[in-house]
Amino acid sequence: KTKKYRIKVLTMLDHMIEKMKNHLEAHKAGPDLRNKFLYSLRRISENIRKAKDIANINRLKSHAEEKFDIYWEEVESIQ
């Protein structure tokens, strides 16, 4: 059960990372901005792979969604 959920959340996170990466590339973002957001999502992804239970995976998933939302808020404030 935990393994299936982990795979589901990692798939969702991979899509978030890909969407962010494509957006950063399309807007020719500098390395600082790229690293700031992509690194944090990739680190969360690694932690999800190591998480022992669904509660931890949920906590990390929420953290990833928060980072993703913050990214889009910052992007909108720059434009």
Side-chain angles (χ1 to χ4, degrees):
K1 188 175 177 180
T2 302
K3 185 177 179 181
K4 270 186 165 180
Y5 188 65
R6 177 182 288 116
I7 291 168
K8 179 182 174 185
V9 172
L10 286 171
T11 301
M12 180 203 77
L13 192 54
D14 286 344
H15 289 300
M16 290 167 69
I17 290 169
E18 196 60 33
K19 184 175 181 179
M20 189 182 292
K21 198 164 81 174
N22 289 339
H23 186 265
L24 288 164
E25 287 172 6
H27 289 83
K28 297 178 180 18
D32 289 345
L33 190 61
R34 292 175 64 92
N35 289 338
K36 177 180 177 181
F37 291 104
L38 291 174
Y39 176 76
S40 63
L41 286 183
R42 287 180 178 138
R43 197 175 75 233
I44 292 169
S45 179
E46 289 172 24
N47 289 335
I48 288 172
R49 291 176 207 285
K50 297 174 191 171
K52 304 257 187 260
D53 55 41
I54 290 177
N56 276 332
I57 294 171
N58 268 336
R59 183 180 52 78
L60 291 162
K61 176 182 174 247
S62 294
H63 190 57
E65 290 169 335
E66 192 177 300
K67 291 283 186 189
F68 193 69
D69 289 344
I70 290 169
Y71 167 76
W72 292 109
E73 287 170 12
E74 281 199 26
V75 165
E76 286 175 8
S77 72
I78 293 170
Q79 294 177 346

Report summary line: Across all chains, not counting sequence neighbours, the side-chain hydrogen bond (donor to acceptor under 3.5 Å, both in side chains) partners of Asn58 are Tyr5
Query raised in the report: In chain order, what residues pass the salt bridge (charged side-chain N to carboxylate O under 4.0 Å, His left out) check against Lys67, with sequence neighbours excluded?
Result: none
Query raised in the report: Under a single-linkage definition using a 4.5 Å side-chain heavy-atom cutoff for Ile, Leu, Val, Met, Phe, Trp and Tyr, are Leu13 and Ile7 assigned to the same hydrophobic cluster?
Result: no
Query raised in the report: Distance from Glu18 atom CD to Leu38 atom CG, nearest 0.5 Å?
Result: 9.5 Å
Query - Set of residues satisfying salt bridge (charged side-chain N to carboxylate O under 4.0 Å, His left out) with respect to Glu66, sequence neighbours excluded - result: none
Query raised in the report: What distance separates Met16 CE from Leu41 CG, expressed to the nearest 0.5 Å?
Result: 5.5 Å
Query - Separation between CZ of Arg42 and CG of Asp14, rounded to the nearest 0.5 Å - result: 10.0 Å
Identify every side-chain donor-acceptor pair in residues 46-55 under 3.5 Å, counting partners at least two apart or on other chains, and give the distances.
unit_1	atom_1	unit_2	atom_2	d
Asn47	ND2	Arg43	O	3.4
Arg49	NH2	Ser45	OG	3.4
Asp53	OD1	Ala55	N	3.4
Asp53	OD1	Asn56	N	2.9

Query - ring-ring contact (aromatic ring centres under 6.0 Å, His included) partners of residues 48-70, not counting sequence neighbours, each pair once - result: Phe68-Trp72
Just distance, no hydrogens or angles: give the donor-acceptor pairs under 3.5 Å from side chains in residues 30-37, sequence neighbours left out.
unit_1	atom_1	unit_2	atom_2	d
Asn35	ND2	Pro31	O	3.2
Lys36	NZ	Glu74	OE1	3.2
Lys36	NZ	Glu74	OE2	3.1

Query raised in the report: Does Met12 belong to the same Ile/Leu/Val/Met/Phe/Trp/Tyr cluster as Ile17, with side-chain heavy atoms less than 4.5 Å apart forming each link?
Result: yes
**Report entry** Basic-acidic side-chain contact under 4.0 Å: Glu25, Lys21
**Finding:** no
